[in-house]
Amino acid sequence: MLLLAWLVSLASTLGSLFFSEVMHLQPCVLCWYQRIGMFPLVAVLGVGVYRQDAGAVLSGLLLAAAGWLAAGYHFLLHTGWIPENLQPCSKGMSCADVDLRLIGFLTIPLMSLLAFTLIIGLLVAAHRQGVRA
């Protein structure tokens, strides 16, 4: 389970970098907050897989929970459940703009929310199993 959580974090990080560096989509403020939660997960969970360290599960859960909160807020803002005047983006890229839709409905905030949800679920399962990589 820990290995799967690491793979999801790695794929998410690479996807995020692909969107910004290859597709030249500028990340908004909330995207940066989500990156702060996701990018360190690659290292934390990678070391946890290598060492089969139970401490990586707790650290990973804290990072993933912070990212999940930012992604959830971003998703709600993006879908209109939260008014645009409550967005933290005052300069630069708007957090409510829709720059990309995959398969007609997958937006970047939704993909981020799904990735963090999956990572949290896998880390909880890893904790219950006693951290087997």
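On a predicted model such as this, the values are computed, not experimentally measured, just so you know. Computation of the quantities below employed the complete heavy-atom set of this structure, encompassing side-chain atoms and omitting hydrogens, waters and symmetry-equivalent molecules.
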Could you tell me whether the side chain of [X] and the main chain of [Y] form a donor-acceptor pair under 3.5 Å?
X	Y	value
Trp68	Ile120	no
Gln52	Gly48	no
Ser16	Ser12	no

Quick check: is [Y] connected to [X] through a chain of hydrophobic side chains (ILVMFWY, heavy atoms under 4.5 Å apart)?
X	Y	value
Val42	Leu17	yes
Leu69	Val124	yes
Leu14	Phe18	yes
Leu110	Trp32	no

Do the non-hydrogen side-chain atoms of [X] and [Y] ever get within less than 4.5 Å of each other?
X	Y	result
Gln26	Ser20	no
Phe75	Leu30	no
Met111	Leu114	no

Return the [atom1] to [atom2] distance between [X] and [Y], rounded to the nearest 0.5 Å.
X	Y	atom1	atom2	result
Leu45	Ile119	CG	CD1	7.0 Å
Leu113	Ile108	CG	CD1	14.0 Å
Leu122	Thr117	CG	OG1	11.0 Å
Leu10	Met38	CG	CE	10.5 Å
Leu41	Phe39	CG	CZ	11.0 Å

Heavy atoms only: give me the nearest [X]-[Y] pair and the separation to one decimal.
X	Y	value
Trp6	Gly46	CD1-N, 3.2 Å
Tyr33	Ala70	CB-CB, 4.1 Å
Leu123	Gly60	CD1-C, 3.5 Å
Pro40	Leu63	CB-CD1, 3.9 Å
Asp53	Leu2	O-CD2, 4.4 Å
Gly67	Gln34	O-CG, 4.0 Å

- State, without any angle test, whether Thr13 and Arg35 hold a side-chain donor-acceptor pair at a distance under 3.5 Å.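 The answer is no; no qualifying pair exists.
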
